[in-house]
2 protein chains.
Amino acid sequence: MRRVAQALGVEAMSLYHHVEDKAGLLDGVFELVLGKLPPAPRRTTSWQRAVKERAESFRAVLLAHPRLVPLFATRPAVTVESLRHVEHSLELLKAAGLSARASLDAFQVVVAYVVGHAISTVRDPELETSGPDYAQLDAADFPRVTELVALLPTHDLDAEFQFGLELLISGLERRLETSRR
Amino acid sequence: MRRVAQALGVEAMSLYHHVEDKAGLLDGVFELVLGKLPPAPRRTTSWQRAVKERAESFRAVLLAHPRLVPLFATRPAVTVESLRHVEHSLELLKAAGLSARASLDAFQVVVAYVVGHAISTVRDPELETSGPDYAQLDAADFPRVTELVALLPTHDLDAEFQFGLELLISGLERRLETSRR
DNA sequence: ACCTGAACACCGTTCAAGT
DNA sequence: ACCTGAACACCGTTCAAGT
């Protein structure tokens, strides 16, 4: 509060005439950022592509505000603004053939994945140093980890995200196929 | 630091003779909790069951310390202790037929999902009230959300977690099947 | 080697007083 | 209606001084 006030050239206490408290201010930030989500497109493609597009948009918004990712991780998305997106996503899943319950599950699961992965993406790389030196590891004891360390420099977190997203969608696909029989 | 010291019946500054700083203390907590992960079992079942079991164990440890979940969300797991689990998981995936790169992707993706979902599980339910009253929503404007609200009271977050986990595993399965051809 | 007290530079928030 | 200053109850951390 004190720093926000300072940035506005005003005293900290003045803010309390515009927001309830710190949580209220964060609510505002939350809704503001969520408002950057591109509007739900009219249904023109497959549900697979639509789910993918929604998840990617969400990720893009999160990565555009790395400092806010922990906020999204802690705060539930229940503003009116965000409910419009929820509605669209649930509609999408139901139209694909999922039950109401399964749509809820699928939606929550994808959101959890996007947020969880965003966290690992924006993680302060400086923190990595606090761990043990990878170089000091006995390569014989940790063959797979050693292999992994060699891969890290060229590792693409966006590709990794895509990979997991496609796993989820492909899992849903298979589930729909078997339930239709 | 001040409260930890107080709980130990000592002055805050005394802690600095045992840990570097607050981050160092959190590192210790982190490793301690991670140590509660059941040891990697010998390979006796399918990789599907093994991946599922590892993810469920990780979730159980997280949920046993709800206040620490945000810590796990922010801090990378690079203690020697945790690397043993990483090694085991990567070995598991490679033995299932994934390349080193795909194993890394799969591992990270599952961890992101477990952490992301744990966050939504331990989210302070008191926060939900800060959103708009679901009751005040126009049911005609939000048919799917209205449906969802009716489902919430009987919604099982553990079942939801299982659902997503199985999607990921089933997605991996399909990927392996098609790549083998 | 380990602990301590005072001090510094921060927080969010209450409350009474100003315009 | 909006802003302010002083004050309260907190933080993590530095530094010099104690045993």
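Only heavy atoms go into these numbers, but all of them, side chains included; no hydrogens, no water, no symmetry mates. Order of the sequence lines sets the chain letters (A, B, ...), proteins ahead of strands, with each chain counted from 1.
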State, with a plain yes or no, whether a side-chain heavy atom of A/Phe58 is found less than 4.5 Å away from one of A/Val111.
yes
The criterion is ring-ring contact (aromatic ring centres under 6.0 Å, His included); which residues satisfy it with A/Phe107, sequence neighbours excluded?
none
Other residues, nucleotides and ligands only: do more than 12 of their heavy atoms fall within 6.0 Å of CD on A/Gln6?
no
Might you list the N or O atoms of the protein lying below 3.5 Å from N or O atoms in nucleotides 16-19 of chain C, with each pair's distance?
none

Should B/Arg84 and A/Asp141 count as an ion pair when the cut-off is N to O under 4.0 Å?
no
Mind checking whether B/Leu172 and B/Trp47 have side chains closer than 4.5 Å, heavy atoms only?
yes
Can you name the salt bridge (charged side-chain N to carboxylate O under 4.0 Å, His left out) partners of A/Glu160, sequence neighbours left out?
none
What I want to find out is whether A/Arg2 reaches A/Glu11 closely enough, with some N-O distance under 4.0 Å, to be called a salt bridge.
no
DNA chain D-proximal residues of residues 9-16 of chain A, any heavy atom under 4.0 Å:
A/Val10, A/Glu11, A/Met13, A/Ser14
If you count every heavy atom of other residues, nucleotides or ligands that lies below 6.0 Å from B/Arg175 atom CZ, does the total exceed 12?
no
Short N-O contact, B/Glu91 and A/Arg144, less than 4.0 angstrom:
yes
Quick one: is A/His18 getting a side-chain N or O under 4.0 Å of the D/dC3 phosphate, OP1 or OP2?
yes
In this structure, how many angstroms lie between the P atom of C/dC10 and the CE atom of A/Met1, rounded?
18 Å
Output the rounded distance in Å from CG (A/Leu25) to P (C/dC11).
14 Å
Pairing string, 5' to 3', for DNA chain D - Watson-Crick or wobble contacts under 3.5 Å, brackets [ ] where pairs cross, | to another strand
||.|||||...|||||.||
Give the intermediate values and the outcome of side chain to side chain contact (heavy atoms under 4.5 Å, CB included) for residues A/Asp158 and A/Arg59.
CA-CA 10 Å; A/Asp158 287 313; A/Arg59 172 174 170 86; 2.9 Å; yes
Atom P, compared across D/dA9 and C/dA9: separation rounded to whole Å:
22 Å
Could you state the CD-C1' distance from B/Gln6 to D/dC10, rounded to the nearest angstrom?
12 Å
Nearest whole Å is fine: how far is C/dT13 C1' from A/Arg2 CZ?
9 Å
Atom-pair distance (NZ on A/Lys22; P on D/dC11), nearest Å:
14 Å
Checking B/Glu56 now: which residues fulfil salt bridge (charged side-chain N to carboxylate O under 4.0 Å, His left out) with it, not counting sequence neighbours?
B/Lys52
Would you please confirm or rule out a distance under 4.0 Å between OP1 or OP2 of C/dC11 and any side-chain N or O of A/Arg3?
yes
